[in-house]
Amino acid sequence: MAAHRLGCFFILQIPVAVLLVLDGIAAAAGSEYRGKPQKKPGGGGPGGTAATALFFFGDSYFDAGNNNYINTTTLDQANFWPYGESYFSFPTGRFSNGRLISDFIAEYAKLPLIPPFLQPGNQEYRNGVNFASAGAGALDETFRGAVIGLRTQLRYYTKVKAWLRHELGDVESNMILSRAVYLFSIGTNDYTSTFLTNSTMLANSGSPSNYVGMVIGNLTSVVKAIYDRGGRKFGFLNLGSLGCLPGLRILQSQTKGDGCFEEASRLANLHNRALYNFLSKMEDQLQGFRYSICDFHGALRHRMDHPSRFGFEEGRAACCGAGRYKGIYSCGGKRPMVKDFELCENPKRYVFWDSYHLTERVYRQMASEMWNGSRRRGRPYSLKLKDLLRC
């Protein structure tokens, strides 16, 4: 079958052309912040102190709409129906039927929705900002030219740091940045792109371990750069079982049954082990470095294998898409190649929203686990996110 792009995660060192998107799209993407009651910037935390700012980096699990404002294709955008239909009642650019993990984390932190950096008119950064871009990966080559790469996201952060310093002065801006939490969801697109496109990056790397080392190496350089600019508290999602995403599950030969596409899942497992090692080294090497890690892999796997335990009915097929498992990435009918799609009646019954992304209900549950900690054992120790914000 034709390859379908994962509109979830992205990271590239590319010049991004910021567009004035069609008026209707721009108005819809921006109106979620105007139309919903919001707390004022600098909302209070415990004891009435200034809230901890949140800065989001990465891909579509965090992207609140940045890709609405760049010159890309609908493979990497979600600013059309039925995206957003369950909560916002219109598309915002989020790759789900409603809110994302990043939105729920902001709610738990008693902050308003953290807006996308590229949203027109957004010049208030005391609560943080969202740099994430659907389709981004840690490698510059991942979907090059179609997304906002991780290094570009870092440059945007540097601009925000300069704005805070100009507006608030050195002392207050440094305090905001040192108390802030920097959250990352990155890596999925680096691996899925090797199966969904004609990328030769994995083959040219020499081995899967070498390729994973390249991905983790790029992530390391960005985290260290933020640390050098004053950041001390970081949060990370590990990677899910990539071969079990509906869009990759359909690559598994039907003669081998209904299993996952294991070649992709093995890369995710290698990445997760390397991520834990990287975080342990950062904690040893960088004074004051603290982190929280969300076991996205375990959380998703449990919901796929035992959906009824978490209140779902379907853990393999998506709510929106076409073909087997609705794994053809056609939700909304706006993407190239395939225009036909089916939409389920009740997304709350599904783990997957489209071929690569999850429903709002899953994101809410995962955000709760990230905030409060998970009962699952066998993972390296890390702080609960709520404790990381307070420390």
Side-chain angles (χ1 to χ4, degrees), residues 9 11 13 45 50-59 62 102 105 109 114 125 128-132 136-140 149-162 164-165 170-187 190 209-210 212-239 270-297 370-371 373-374 379-391:
F9 317 59
I11 286 178
Q13 186 178 9
T52 299
L54 300 174
F55 294 96
F56 293 97
F57 296 81
D59 50 46
F62 283 171
S102 48
I105 293 301
I114 304 299
Y125 305 122
V129 72
N130 190 321
F131 304 107
L139 300 177
D140 295 343
L150 191 56
R151 296 181 193 273
T152 301
Q153 293 179 34
L154 177 62
R155 288 201 297 272
Y156 289 165
Y157 168 71
T158 302
K159 291 182 178 181
V160 169
K161 182 178 185 293
L164 289 169
R165 181 179 181 184
D170 289 342
V171 174
E172 187 173 354
S173 64
N174 289 340
M175 182 178 295
I176 288 174
L177 296 175
S178 64
R179 292 183 57 195
V181 176
Y182 302 84
L183 295 114
F184 287 80
S185 169
I186 204 70
D190 296 304
S209 294
N210 288 344
V212 170
M214 293 164 56
V215 173
I216 295 295
N218 277 22
L219 174 59
T220 301
S221 66
V222 171
V223 170
K224 284 185 174 180
I226 294 173
Y227 177 89
D228 291 341
R229 290 162 172 79
R232 291 296 181 269
K233 300 187 288 187
F234 297 82
F236 301 87
L237 305 186
N238 69 8
L239 301 189
L270 286 173
H271 174 96
N272 289 342
R273 287 196 290 270
L275 177 63
Y276 291 132
N277 291 336
F278 148 67
L279 292 174
S280 179
K281 289 180 180 177
M282 292 299 97
E283 193 172 34
D284 291 340
Q285 296 173 3
L286 303 179
Q287 184 176 2
F289 180 91
R290 298 183 179 94
Y291 72 92
S292 175
I293 186 163
C294 171
D295 184 19
F296 187 88
H297 182 278
M370 190 173 186
W371 185 258
S374 171
R379 298 182 297 126
Y381 171 78
S382 73
L383 290 168
K384 299 175 184 177
L385 188 57
K386 66 180 180 182
D387 294 335
L388 186 65
L389 265 74
R390 294 168 182 166
C391 67

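Computed from a predicted structure; not experimentally measured.
Atom NZ of Lys224 has 12 or fewer heavy atoms from other residues, nucleotides or ligands within 6.0 Å.
For the pair Ser292 (side chain) and Leu383 (backbone), a donor-acceptor distance under 3.5 Å is present. Side-chain N or O atoms of Asp190 include one that pairs as donor or acceptor with a backbone N or O of Leu139 at under 3.5 Å.
Of the candidates Tyr157, Tyr291, Phe56, Phe289, Tyr182 forms a ring-ring contact (aromatic ring centres under 6.0 Å, His included) with just one, namely Tyr157.
Of all non-hydrogen atoms in Gly58 and Ile186, the two that sit nearest each other are CA-CD1, 3.7 Å. The two residues Ala138 and Leu150 come nearest to each other via the heavy atoms CA-CD2, 4.4 Å. Shortest non-hydrogen contact noted between Ile176 and Ala53 is CG2-CB, 4.1 Å.
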Exercise. Please lay out, stage by stage, how Met370 and Leu183 fare under the test side chain to side chain contact (heavy atoms under 4.5 Å, CB included).
Key: CA-CA 11 Å; Met370 190 173 186; Leu183 295 114; 3.7 Å; yes
Quiz item: Do Asn130 and Phe55 pass the side chain to side chain contact (heavy atoms under 4.5 Å, CB included) test, and can you show the C-alpha distance, the side-chain angles, and the key distance before you say yes or no?
Solution: CA-CA 6 Å; Asn130 190 321; Phe55 294 96; over 6 Å; no
Practice problem: Evaluate the side chain to side chain contact (heavy atoms under 4.5 Å, CB included) criterion for residues Leu177 and Leu164: first the C-alpha distance (whole Å), next the side-chain angles of each, then the deciding distance (0.1 Å), finally the verdict. | Solution: CA-CA 9 Å; Leu177 296 175; Leu164 289 169; 3.8 Å; yes
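With rounding to the nearest 0.5 angstrom, the CG atom of Leu279 is 11.0 Å from the CG atom of Asp284. Atom OG of residue Ser280 and atom CG of residue Leu275 lie 11.0 Å apart, to the nearest 0.5 angstrom. Summarising the geometry, atom NZ belonging to Lys159 is positioned 6.0 Å from atom OH belonging to Tyr156; distances are rounded to the nearest 0.5 Å. Between Arg273 atom CZ and Asn238 atom CG the span is 12.0 Å, to the nearest 0.5 Å. The CD1 atom of Ile105 sits 5.0 Å away from the CG atom of Leu385 when rounded to the nearest 0.5 Å. Taken from CE in Met282 to CG in Asn277, the straight-line distance is 11.0 Å, to the nearest 0.5 Å.
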Sequence neighbours excluded and cut-off under 3.5 Å, please list the side-chain donor-acceptor pairs for residues 227-237, or say none.
unit_1	atom_1	unit_2	atom_2	d
Tyr227	OH	Gln287	N	3.2
Tyr227	OH	Gln287	O	2.6
Arg229	NE	Thr158	OG1	3.2
Arg229	NH1	Ala225	O	3.0
Arg232	NH1	Tyr227	O	2.8
Lys233	NZ	Arg179	O	2.9
Lys233	NZ	Leu388	O	3.2
Lys233	NZ	Leu389	O	3.3
Lys233	NZ	Cys391	O	3.1

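Arg151 has its side chain within reach of Asn218: a pair of non-hydrogen atoms, C-beta onward, lies under 4.5 Å apart. Counting heavy atoms from C-beta outward, Val222 and Phe184 have side chains that approach closer than 4.5 Å. For the pair Val223 and Phe57, the minimum side-chain heavy-atom distance is 4.5 Å or more.
With sequence neighbours left out, the side-chain contact (heavy atoms from CB on, under 4.5 Å) criterion links Asp387 to Lys384, Arg390.
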